[in-house]
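To start, the structure under review is shown below, and the notes come after it.
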Amino acid sequence: MSKAKELLKLKSKFLVTAVIATAIDIGLYLLLYHQLAWSEVAAQSVAYPIAVLCKFFLEKYFVFESNRKAGQTFALAMLVSGIGYLLSLGLVYLLSQNTFLAAHQLLLKIVEKGLLFFYNFYFKRFAFEKRFV
């Protein structure tokens with residue numbers, strides 16, 4: 001299989017895990033924000049880490065081949081996710097300053113996830129497989 005096709009297949013699998021984790025993240029975020037009246041940042045502070053843990057296990061078993069020891073892979077993946085978490089909090093905060101997006105939290109979350117997709121793919125690939133491309 002050509003490298004381009006291999007990368008497309010890998011990104012497709014990653015996209016499926018991202019959709020599942022995003023559904024967990026958005027569902028929990030909206031529950032906390034709308035039903036429990038938490039602030040955007042507080043809701044994101046709980047929803048994101050739970051989704052990250054679910055996504056790690058999906059990536060481990062269905063997307064990447066681990067070329068590292070399990071503990072090292074987990075530590076690097078969590079480091080990438082921790083940075084992603086900070087980027088996510090910053091994006092949620094910045095996007096919520098927009099009146100339209102603040103009124104449409106689902107759209108806000110979709111924009112935030114779209115902006116973080118490529119960061120997550122390439123850095124998680126490095127964490128698991130020791131390569132970016």
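Between Asp25 and Ala47, the closest heavy-atom pair is OD1-CB, 3.2 Å. Residues Glu129 and Asn67 approach most closely at O-ND2, 3.1 Å, considering heavy atoms. Smallest separation of non-hydrogen atoms from Ala102 and Ser96: CB-O, 3.3 Å. Scanning all heavy atoms of the two residues, the minimum distance from Ala77 to Ala127 falls at N-CB, 3.7 Å. What you find for Tyr33 and Ser39 is that their closest heavy atoms are CD1-C, 4.2 Å.
Atoms CG and CG, on Leu101 and Leu94 in that order, are 11.0 Å from each other to the nearest 0.5 Å. Here the OG1-NE2 distance, from Thr99 to His104, works out to 11.5 Å after rounding to the nearest 0.5 Å. Of the inter-residue distances, the one linking Glu59 atom CD with Thr73 atom OG1 reads 11.0 Å to the nearest 0.5 angstrom. Rounding to the nearest 0.5 Å gives a distance of 12.0 Å between CG of Leu30 and CG of Leu36. Taken to the nearest 0.5 Å, the OH atom of Tyr61 stands 14.5 Å off from the OG1 atom of Thr17. Between atom CD of residue Gln44 and atom OG of residue Ser88 there is a gap of 3.5 Å, rounded to the nearest 0.5 Å.
A salt bridge does not link Glu65 to Lys13: none of the charged side-chain nitrogens sits closer than 4.0 Å to a carboxylate oxygen.
Residues meeting the ring-ring contact (aromatic ring centres under 6.0 Å, His included) test with Tyr85, sequence neighbours left out: Tyr48.
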### Query
For Arg125 and Leu10, what are the C-alpha separation, side-chain angles and deciding distance, and is it a side-chain contact (heavy atoms from CB on, under 4.5 Å)?
CA-CA 10 Å; Arg125 186 172 191 199; Leu10 192 61; 3.4 Å; yes

### Task
Run the numbers on Phe121 and Lys11 for side-chain contact (heavy atoms from CB on, under 4.5 Å), then give the verdict.
CA-CA 8 Å; Phe121 175 79; Lys11 281 184 181 177; 3.5 Å; yes

### Task
I would like to know whether Leu108 and Val92 meet side-chain contact (heavy atoms from CB on, under 4.5 Å); could you show each step before the answer?
CA-CA 7 Å; Leu108 180 146; Val92 166; 4.2 Å; yes

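Note on Ile20 and Leu31: same hydrophobic cluster, where clusters join Ile, Leu, Val, Met, Phe, Trp and Tyr whose side-chain heavy atoms are under 4.5 Å apart, directly or indirectly. Criterion: ILVMFWY side-chain heavy atoms under 4.5 Å apart, direct or through other members. Under it, Leu106 and Val111 are part of a common hydrophobic cluster. If you chain together hydrophobic residues whose side chains sit under 4.5 Å apart, Ile24 and Ile26 fall into the same group. One hydrophobic cluster, built from ILVMFWY side chains closer than 4.5 Å, cannot hold both Leu15 and Leu8; they sit in different ones. Follow the hydrophobic side-chain contacts under 4.5 Å out from Leu53 and you never reach Leu76; the two are in separate clusters.
With Asn120 contributing its side chain and Leu116 its backbone, the two residues share a donor-acceptor pair below 3.5 Å. Side chain of Ser2 to backbone of Lys5: a donor-acceptor contact under 3.5 angstrom is found.
Put simply, the side chain of Phe100 reaches to within 4.5 Å of the side chain of Leu107, judged on heavy atoms. Looking at Val80 and Tyr119, their side chains come closer than 4.5 Å, going by heavy atoms from C-beta outward.
Counting non-hydrogen atoms of other residues, nucleotides and ligands closer than 6.0 Å to CZ of Phe117 gives a total above 12. Heavy-atom neighbours of Tyr93 OH from other residues, nucleotides or ligands within 6.0 Å: at or below the threshold of 12.
For the pair Lys124 and Phe64, the cation-pi test (distance below 6.0 Å, angle within 45°) is failed. Geometrically, Lys109 engages Tyr29 in a cation-pi contact, judged by NZ or CZ lying under 6.0 Å from the ring centre and within 45° of the ring axis. Stacking of Lys55 on the aromatic ring of Phe14 is recorded, both the 6.0 Å distance cut-off and the 45° axial limit being met.
Checked against the 6.0 Å centroid criterion, the rings of Tyr122 and Phe126 do not qualify as a close aromatic pair.
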